[in-house]
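Computation of the quantities below employed the complete heavy-atom set of this structure, encompassing side-chain atoms and omitting hydrogens, waters and symmetry-equivalent molecules. Every chain is numbered from 1 and lettered A, B, ... according to where its sequence line falls, protein lines coming before strand lines.
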Amino acid sequence: MADLSVNIGNLKLCNPVMTASGTFGYGKEFEDFVDLKSIGGIIVKGTTLHHREGNPYPRMAETPMGMLNAVGLQNKGVDYFVEHIYPQIKDINTNMIVNVSGSAIEDYVKTAEIINELDKIPAIELNISCPNVKQGGMAFGVSTCGCSEVVKAVRNVYKKTLIVKLSPNVTDITEIARAAEAAGADSVSLINTLLGMAIDAEKRRPLLSTITGGMSGAAVKPIALRMVWQVVKAVNIPVIGLGGIMNWKDAVEFLLAGASAIQIGTANFIDPAITVKVSEGINNYLERHGFSSVKEIIGALEV
Amino acid sequence: MKKYILDLVVTQNIQLHANYVLIKLTHVNPLPEMLPGQFAEIRIDGSNTTFLRRPISINYVDKANNEVWFLVQLVGDGTRKLATVNQGDVINVVMPLGNGFTIPQSIATMKPLLVGGGVGTAPMLMLGAELVKRGCQPTFLLGARSSKDLLQLEHFEKLGDVYTTTEDGSMGERGYVTQHSILNTNQFNMIYTCGPKPMMVSVARYAKAHEINCEVSLENMMACGVGACLCCVENTNEGHLCVCKEGPVFNIKKLLWQI
């Protein structure tokens, strides 16, 4: 058995496999299928300061080798999370990370402050890249100033590991990554969903209530991989790679491109036990190639 | 209820009609407990356009043969691919999912009417069988476009009285289920329904007008099937709820339908 442990700032992960926000609920939804402690980190559903009902149905459209979603950050707000959800998940023996979303800087800051007080939450992932919320969300993630402003403000109040989740819907993702790093992020994760659209030609109507939505799934992997490769070269903080990872081989590709850890998102819908299969697959790959630690393959792409 | 990821083996794939197949599956171990109204997320391999699993309601559980049945309507590429499976093929299934229909503890005084339309008749077979097992006499009201679209009648007839409607009048009364004369008898005190949404809305309207308790089974488009992605939500008096987890069965009192 190879050593699969990796570090993201001060965060120690038993293996580099994490779950992407919004695709794994609060972890409990998948406990019948996988041993949750065998996952390196679980990033729970996007949490906002106030309750959000999200967008109207329909919120999902299947596309070739992928899907679009327009959930719109449905969640019951951070107070509900602290009171009702945290007690249920705090004893899950892995890194339980909260994805913090918002539409105004004060909201991000207040939410992060509240989560900072929770002992068993060792990190947050700051979502400045949700394409499905009208005000803000992605607005902070598409300009270096917006990114810098929100990350600085949260950094002032949040004392643990701060991961910033980046949007691919930008001209140059490396600029945004550098702005996040300069503003105090401990790590960046990428990519969030790509803005997309689907139409029902027969009905001459969009398939999503919001017309456009976030694309994910196998189809986005080459774009995600390219962006991870570019960002790894641009920053000195650890990069978490995600976007279309469907199996262990995809995960290894992201590690070779320089990601220190990976997240599995949409693939959880297709195989609810995919996370453990990916970490087993990474281990087999390492053994087959004579590596004793996964750290040896991070950024080991030969060009 | 514990959920499982299972590799099930096809024992039979019966073409019931140009647009419907009945797939019977078994497992080397005893199948898990399943409730009427629950569903499975079925993985479909070998279709270029089918990325997500397909939610299919559980049609019937044949305990004696350790079989679970799925009635599949051929709608798009995914279900068409699924319909081509052969005896001995392995299908990956996540189940049982969702809540299932509510069956009261004391059902001696219960007079249930089970209303199914099109492929929505599928869960009514398992529900009917369960009601019979619990000592209750279900009545079925099944509707379809034409007589050839009325499926599994021989199974329903073994469980209770069956009334039918067809839009073309080729079997039973002509018209929609909610126009059937059996509804004038006012003998029912519980209605379960599954079918096209306009049909369920009409059934719900009838139930509300006659103050009859009524549950409907929804089939909103879903991805994960376990309440994680929040894609399949239905707007209710408790806000957006996941059809895959808090449903697919809802009491009509909970829904915000205009009835």
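In this structure, B/N220 CG and A/M60 CE are separated by 10.0 Å, a value rounded to the nearest 0.5 Å. Note that OH of A/Y57 and NE2 of B/H240 are 11.0 Å apart. Values are rounded to the nearest 0.5 Å. Within the model, atoms CZ of A/F30 and NZ of B/K3 stand 9.0 Å from one another, a figure rounded to the nearest 0.5 Å. One finds the CE atom of B/M221 at 9.0 Å from the CE atom of A/M67 (value rounded to the nearest 0.5 Å). The distance from atom CD1 of A/I270 to atom CD1 of B/I44, rounded to the nearest 0.5 Å, is 11.5 Å.
The neighbour count for B/Y176 OH, taken as heavy atoms of other residues, nucleotides or ligands under 6.0 Å away, does not exceed 12. Counted within 6.0 Å of NZ on B/K2, heavy atoms from surrounding residues, nucleotides or ligands total more than 12; the atom is thus considered enclosed. Environment of CG in A/D200: crowded, with over 12 heavy atoms of neighbouring residues, nucleotides or ligands closer than 6.0 Å. The number of heavy atoms from other shown groups lying within 6.0 Å of CD (B/E219) does not exceed 12.
Here the shortest heavy-atom pairing between A/A218 and B/F51 reads N-CZ, 3.6 Å. Taking all atoms of both residues into account, the shortest heavy-atom contact from B/V226 to A/E29 is O-CG, 3.5 Å. Minimum interatomic distance between A/P272 and B/R53 (heavy atoms only, all atoms of both residues): CD-NH2, 4.2 Å. What you find for B/A228 and A/G25 is that their closest heavy atoms are CB-N, 3.5 Å.
Looking at A/N268, neither its backbone nor its side chain comes within 4.5 Å of chain B, counting heavy atoms on both sides. The contact between A/T266 and chain B is made entirely by side chain atoms (from C-beta outward), counting heavy-atom distances below 4.5 Å.
Most heavy-atom pairs under 4.5 Å with chain B: of the set A/K28, A/R59, A/M65, this distinction falls to A/R59. Of the listed residues A/E31, A/K45, A/E53, A/H51, the one with more heavy-atom pairs under 4.5 angstrom with chain B than any other is A/E53. Per-residue counts of heavy-atom pairs under 4.5 Å with chain A were compared for B/A223, B/G239, B/C232, B/G227; the largest is that of B/A223.
Against chain A, the residues from residues 68-96 of chain B that qualify, each with a non-hydrogen atom under 4.5 angstrom away, are B/V94 in number order.
A donor-acceptor pair under 3.5 Å is absent between the side-chain atoms of A/Q74 and the main chain of B/L230, judged by distance alone. For the pair A/E62 (side chain) and B/T50 (backbone), a donor-acceptor distance under 3.5 Å is absent.
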